[in-house]
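Just so we're on the same page: letters track the sequence lines, and every chain starts at 1.
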Protein chains: 2
Amino acid sequence: MSQDGAGINLETSLGYLLKEASSALRAAMEEVLRPLGMSVTHYSCLELLAQRPGLSNSELARGAFVTRQTMNVLLQTLEREGHVTRPAEARVGKVLPTRLTPRGRRSLEKATVAVRSVEDRMLAGMTETERSGAFRILRSMIHSLRDGNDSA
Amino acid sequence: MSQDGAGINLETSLGYLLKEASSALRAAMEEVLRPLGMSVTHYSCLELLAQRPGLSNSELARGAFVTRQTMNVLLQTLEREGHVTRPAEARVGKVLPTRLTPRGRRSLEKATVAVRSVEDRMLAGMTETERSGAFRILRSMIHSLRDGNDSA
DNA sequence: CACTCTATGTCAGAGTACTGACATGAGTCA
DNA sequence: TGACTCATGTCAGTACTCTGACATAGAGTG
């Protein structure tokens, strides 16, 4: 079914499957984070800050895969709510290093439990070998997409 | 680095890597589709219709991983621009089967070429064995995320 | 020093996708 | 037949993310 030469067969397209998997993951995460009043980007930002305190707005944006404008708005909200702190003025350049407050850390802890349950569920039924295989393949895809631009 | 027991280590999280890969794919697709004035969802809709003519609004929404409200708005735009056609009234129930117009098909053809180049680039450096492995693993992740709700 | 380039933080506006809500049609069951 | 459930199409409002634009700070170069 579906003429082969014409379009991209969605049934056998790895890109389509990747989108489907990502969509399912996002939906599952939103589901468990919603009761905590937290979005995926929201959570990503806090988790990044827990592991690498002092990250700047732009660095957080890259880590959460959004633009720095989007992250800027989110940080303003988080700061207003008392989850993170930023110095009023930059010590060097324009970079404002961000840090979690105790309140932000508590908020993150609950979210981490929720997200970990999703991650565990996703990994269920996969062997260790398959997991490392998935890692290698995803990294390969990312690498090929990133710098395959200029070489055509 | 980064206390192990506390959070989810983003460096070794398959979920994070999946998000990164999906983000890279989306960015690459947007880049090649933008010159054609087409978004990823836009393209997904046309490709779905090419392979399965007569799909309803809700079916298209599920296939493109958006809500049916979002797809409805998109279909209204596509219909206004003459890329798709829908009957004014449903022959059975409320379902309005959608079909590509010749114009929509021409538009899709150009997009397909662009998207195929991205997909090819993504698959570059992967063996056939790795490709089928990636398929199996992604399907496993999707399956686990979908119906792992109630059993937990 | 002056010039250029790059990166950053930020504001404003536009676009996209979502949730909520309503009416309608089909199927099931008593 | 009537009540109930489910899926669909659609409208309206909201939330999130993006692009565009600007000013500023540091590095490199003449």
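Of the two residues contacting DNA chain C, namely B:T67 and B:V92, the nearest-nucleotide position lying further toward the 5' end is that of B:T67. Nearer to the 5' terminus of DNA chain D, by closest-nucleotide assignment, is the contact made by A:F65 (compared with the other of A:F65 and A:R91).
C:dC11 atom C1' lies 15 Å from atom CG of A:L75, rounded to whole Å. Rounded to an integer number of Å, the gap from A:L55 CG to C:dG9 C1' is 15 Å. The nearest whole Å value for the distance from the CD atom in A:E79 to the P atom in C:dG9 is 13 Å. As a whole-Å value, the separation of B:L33 CG from D:dC18 P is 17 Å. Per the geometry, OH belonging to B:Y43 stands 18 Å off P belonging to C:dT16, to the nearest Å. Across the protein-nucleic acid pair, B:L74 atom CG and C:dG15 atom P stand 15 Å apart, rounded to whole Å.
B:T98 contributes no side-chain N or O that, together with a main-chain N or O of B:G54, makes up a donor-acceptor pair within less than 3.5 Å. Looking at A:S56, its side chain never comes within 3.5 Å of a backbone N or O of A:V95 through a donor-acceptor pair. Side-chain N or O atoms of B:E119 include one that pairs as donor or acceptor with a backbone N or O of A:L14 at under 3.5 Å.
One finds no salt bridge joining A:E81 and A:R103 here, because no Lys/Arg side-chain nitrogen approaches an Asp/Glu carboxylate oxygen to under 4.0 Å. The existence of a salt bridge linking B:R26 and B:E30 is confirmed by a sub-4.0 Å separation between a basic side-chain nitrogen and an acidic carboxylate oxygen.
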At a cut-off of 3.5 Å, list every protein nitrogen or oxygen paired with a nitrogen or oxygen from nucleotides 9-12 of chain D, distance to 0.1 Å.
residue : atom : partner : partner atom : Å
D:dG9   : OP1  : B:N57   : N            : 3.4
D:dG9   : OP1  : B:L96   : N            : 3.4
D:dG9   : OP2  : B:S58   : N            : 2.8
D:dG9   : OP2  : B:S58   : OG           : 2.7
D:dG9   : N7   : B:R68   : NE           : 3.1
D:dG9   : O6   : B:R68   : NH2          : 2.8
D:dT10  : OP2  : B:N72   : OD1          : 2.7
D:dT10  : OP2  : B:R86   : NH1          : 3.0
D:dC11  : OP2  : B:Q76   : NE2          : 2.9

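Rounding to the nearest 0.5 Å gives a distance of 6.0 Å between CG of B:L46 and CG of B:L100. Here the CG-OG distance, from B:L17 to B:S22, works out to 11.5 Å after rounding to the nearest 0.5 Å.
Within the structure, every side-chain polar atom (N or O) of B:T70 is placed at least 4.0 Å from both OP1 and OP2 of C:dT16. Residue A:R62 places at least one side-chain N or O under 4.0 Å from the OP1 or OP2 atom of C:dT8.
Nucleic acid contact for B:S39: none, since no nucleic acid atom lies under 4.0 Å from a heavy atom of the residue. B:R34 comes within 4.0 angstrom of sugar-phosphate atoms only, judged by non-hydrogen atoms across all strands, and of no base.
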